[in-house]
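None of these values were measured; they are calculated from a predicted model. Chain letters run A, B, ... following the sequence lines, proteins first and then strands; every chain starts at 1. The basis for the numbers below is simple: all heavy atoms, side chains too, and nothing from hydrogens, waters or symmetry mates.
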Amino acid sequence: DTAVSQTPKYLVTQMGNDKSIKCEQNLGHDTMYWYKQDSKKFLKIMFSYNNKELIINETVPNRFSPKSPDKAHLNLHINSLELGDSAVYFCASSLGTYTGELFFGEGSRLTVL
Amino acid sequence: KNQVEQSPQSLIILEGKNCTLQCNYTVSPFSNLRWYKQDTGRGPVSLTIMTFSENTKSNGRYTATLDADTKQSSLHITASQLSDSASYICVVSRGDYKLSFGAGTTVTVRA
């Protein structure tokens with residue numbers, strides 16, 4: 001039974017399109033995150049939600065909009081996709097807000113052509 | 001600036017051999033340090049957590065050490081197996097919402 005699941009696993013799309021990635025966790029965690037992993041494998045925080053409230057919003061273009069309908073779900077919508085958006089996007093969750101272990105999803109590989 | 005530096009960037013070892021990965025950090029204040037293992041095409045998975053008072057912690061063939069005075073941690077892999085081929089990421093927590101990630105060390109184990 002998957003703890004953190006995100007869909008789709010692969011996304012290939014044209015520049016200028018809009019796309020969404022969905023994430024769900026069944027661990028009962030209060031905090032969820034979106035991370036971006038670039039080609040150099042570096043993981044960078046994008047957003048964090050605690051009990052549906054936004055607590056971290058790093059310097060991310062406003063083309064990226066997270067949405068948390070409930071504490072088990074955190075979706076990511078991206079408008080007007082650009083080539084530089086190509087990366088692997090990871091959803092994660094944790095029990096504690098800041099010091100807890102992160103549980104990651106399998107990642108969603110976005111390729112913008 | 002809160003930084004985490006990992007070395008080497010990559011390494012290749014023969015199956016059955018040992019290896020040690022390094023993590024140096026300048027994060028302050030310090031709450032804990034975790035090592036994550038990321039298999040190709042998968043999400044990272046936590047291997048160990050080290051708090052300020054802990055020097056050594058083992059998880060099977062993985063042993064992490066922490067020297068909080070010099071702000072250094074290492075991850076030692078004993079008797080490597082093909083399944084150890086992965087990226088190993090060092091993550092340091094300040095205890096607030098900021099986590100500092102290293103760039104990872106890619107380990108390739110060859111038969």
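Rounded to the nearest 0.5 angstrom, B/L99 CG and A/I45 CD1 are separated by 7.5 Å.
Residue A/M46 is not grouped with residue A/Y35 when hydrophobic side chains (ILVMFWY) are merged at heavy-atom distances under 4.5 angstrom, including chains of intermediate members. Side-chain heavy atoms closer than 4.5 Å link hydrophobic residues (I, L, V, M, F, W, Y) into clusters, and following such links, possibly through other members, connects B/Y88 to B/V92. Residue B/Y62 is not grouped with residue B/V45 when hydrophobic side chains (ILVMFWY) are merged at heavy-atom distances under 4.5 angstrom, including chains of intermediate members. Cluster annotation: A/Y49 is not connected to A/I56 through the hydrophobic network of ILVMFWY side chains, with a link wherever side-chain heavy atoms come within less than 4.5 Å. Linking Ile, Leu, Val, Met, Phe, Trp and Tyr whenever their side-chain heavy atoms come within less than 4.5 Å puts A/Y89 and A/L83 in one cluster.
Within the 4.5 angstrom heavy-atom criterion, only side-chain atoms of A/K9, from C-beta onward, approach chain B. For A/K40, the part lying near chain B is the backbone, with the side chain staying farther off; criterion is any non-hydrogen pair under 4.5 Å. Heavy-atom distances place the side chain of A/Q37, and not its backbone, under 4.5 Å from chain B.
The closest side-chain heavy-atom distance from B/Q38 to A/F90 is below 4.5 Å.
The environment of NZ in B/K57 is crowded: more than 12 heavy-atom neighbours from other residues, nucleotides or ligands sit within 6.0 Å. For B/K71, the NZ atom sits in a packed shell: over 12 heavy atoms of surrounding residues, nucleotides or ligands are nearer than 6.0 Å. Annotation for B/R61: atom CZ counts as buried by contact number, over 12 foreign heavy atoms lying within 6.0 Å. Counting non-hydrogen atoms of other residues, nucleotides and ligands closer than 6.0 Å to CD of B/E15 gives a total above 12. No more than 12 heavy atoms of other residues, nucleotides or ligands shown are found within 6.0 angstrom of NZ on A/K67. The number of heavy-atom neighbours closer than 6.0 Å to CD of B/Q81, taken from other residues, nucleotides and ligands shown, is above 12.
Counting heavy-atom pairs closer than 4.5 Å to chain A, the top residue among B/G43, B/G41, B/P44 is B/P44.
Of all residues in residues 102-113 of chain A, those placing a non-hydrogen atom less than 4.5 angstrom from a non-hydrogen atom of chain B are A/L102, A/F104, A/G105, A/E106. Heavy-atom neighbours of chain B within the stretch residues 10-19 of chain A, taken at a separation under 4.5 angstrom, are nonexistent.
Considering all non-hydrogen atoms of both residues, B/S46 and A/E101 come closest at CB-OE2, 3.1 Å.
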